[in-house]
2 protein chains.
Amino acid sequence: MTIFANMNFSSKILEDAVVAMSALPSIGKKTALRLVLHLAGSQTDKTKKLIKALEALDTNLKMCQSCHNYSDHDICNICEDPSRNKRLICVVGSAKDVMAIENTQQFSGVYHVLGGVISPLEGIGPEDLYISSLVSRVKEMEVEELIMAVSPSIEGDTTIYYISKVLDGINLKISTIARGVAFGGELEYADELTLGRSIHSRVDYNKEVTI
Amino acid sequence: MTIFANMNFSSKILEDAVVAMSALPSIGKKTALRLVLHLAGSQTDKTKKLIKALEALDTNLKMCQSCHNYSDHDICNICEDPSRNKRLICVVGSAKDVMAIENTQQFSGVYHVLGGVISPLEGIGPEDLYISSLVSRVKEMEVEELIMAVSPSIEGDTTIYYISKVLDGINLKISTIARGVAFGGELEYADELTLGRSIHSRVDYNKEVTI
């Protein structure tokens, strides 16, 4: 009996590869089959390269002991970079967010990856996130400003609120990234919460920084 | 310097994995990044399972020495199955087509995978395909009928024509799968060639087999 009722595999090896591939997000069984047949029919060493890369990912990928971003070493490139301002920490939910902000080339501080946001519905509490290590960093490194760059949502706001409470009493500026209508976005399609906030947090025209 | 101008990787391991993953068809760099970050963040042994499956694919997957379908052994399950009619061979372009036909559960013969179709534009000639082994099989196994199930196209028709010429003089029935308007298809959207053929090859209503 095959896992895929409507797929007849002549080979268990093919079937296993399709099963493993379709365990990836957004890869359905038809896509998985196409990818696996592509690799099986490939004359190059594409499969070997993929195996090697995945093995390195599985075995050697580390988490930066300072900021919890993915890293090849115990401390990541960003944390080790002497030109980075260690007193300015940008707090993000995941390593993907670090990459997104790095791609803007607008930030010269360091990061702190929380590993998620507080979400009671999903059973994620503050103790499941890297919040205590953030507090230690703030105290030890004499951090001047925390830029909260968690995704705008109820959970994100809860997380920011929680962290601000935990850090209460420490001399520190806490800011959040600006929220508002996206560049190129149409006002009529912006949701009420975003539009309402963008009016509430309006910026003096002459002080607006233009990139 | 990174391969992806607009992606800043903090980790070479991550970058290598994204490069290897995006070498797969229809997987762009953003999708590859999402898949790799999913694997990196996965708490289960999903990556290990994928590596194992790909290693088996790379090392152990064989080609059936008789029909050239993918197989775990020297001879595939279908060719070894004693209940299969070895005198009825369905000729297909690729192993994917075998799977598609097997899924219909309408065919009880065996297959022959050509490994492509004759395509002068792409530099694929008859000698690049498993045609000579088909001729040997036809002669050795006293095959009664060849069902040509290559995809309907100019190249497919050329391939069928070539094979029929090569087998000229051998007492053998050669048929092609019926071509016509797909079940559930709208006449107005069928292309002229398909519709023209479906009229030309019209079937006596009382003789039509209903599944």
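Since the model is a prediction, treat every value here as computed from it, not as a measurement. Letters A, B, ... mirror the listed sequences (proteins, then strands); counts begin at 1. Just the heavy atoms: all of them, side chains too, but no hydrogens, waters or symmetry mates, feed the values below.
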Taking 4.5 Å as the heavy-atom cut-off, does anything in residues 119-129 of chain B contact chain A, and if so which residues?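 Expected list: none.
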
Contacts of B/E142 that satisfy salt bridge (Lys or Arg N to Asp or Glu O under 4.0 Å) - sequence neighbours left out: B/R87

So do the side chains of [X] and [Y] get within less than 4.5 Å of each other, counting heavy atoms only?
X: A/T47; Y: B/E55; value: no
X: B/M99; Y: A/L33; value: yes
X: B/I13; Y: A/Y70; value: no
X: B/I27; Y: A/I27; value: yes

Using heavy-atom distances under 4.5 Å, tell me whether [X] contacts chain A through its side chain, its backbone, both, or neither.
X: B/N69; result: side chain
X: B/K46; result: side chain
X: B/V36; result: both

Measuring from atom [atom1] of [X] to atom [atom2] of [Y], what distance do you get when rounded to the nearest 0.5 angstrom?
X: B/L50; Y: A/L50; atom1: CG; atom2: CG; answer: 6.5 Å
X: A/S11; Y: B/N77; atom1: OG; atom2: CG; answer: 8.0 Å
X: B/D16; Y: A/L54; atom1: CG; atom2: CG; answer: 11.0 Å

Determine the option with the most heavy-atom pairs under 4.5 angstrom with chain B, choosing from A/S42, A/A100, A/G115, A/A23. A/A23

Which heavy atom in A/R34 sits nearest to a heavy atom in B/P25, and how many Å separate them? NH1-O, 4.2 Å

Which heavy atom of A/K49 sits nearest a heavy atom of B/A20, and at what distance? O-CB, 4.1 Å

Going through the checks in order, is the side-chain contact (heavy atoms from CB on, under 4.5 Å) test met by B/L24 and A/M21? CA-CA 12 Å; B/L24 293 172; A/M21 199 65 101; 4.2 Å; yes

As an exercise: rank B/I78, B/V98, B/L61 by heavy-atom pairs under 4.5 Å with chain A and give me the winner.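 The answer is B/L61.
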
Selection residues 88-110 of chain A - residue pairs positive for salt bridge (charged side-chain N to carboxylate O under 4.0 Å, His left out), sequence neighbours left out: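 Those involving residues 88-110 of chain A are A/R84-A/E102.
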
Okay, side chain of A/D72, backbone of B/K12: is any donor-acceptor separation there less than 3.5 Å? yes

Strictly by ring pair (Phe, Tyr, Trp, His ring centres under 6.0 Å), give each pair with a member in residues 117-151 of chain A just once, sequence neighbours left out. A/H68-A/Y130

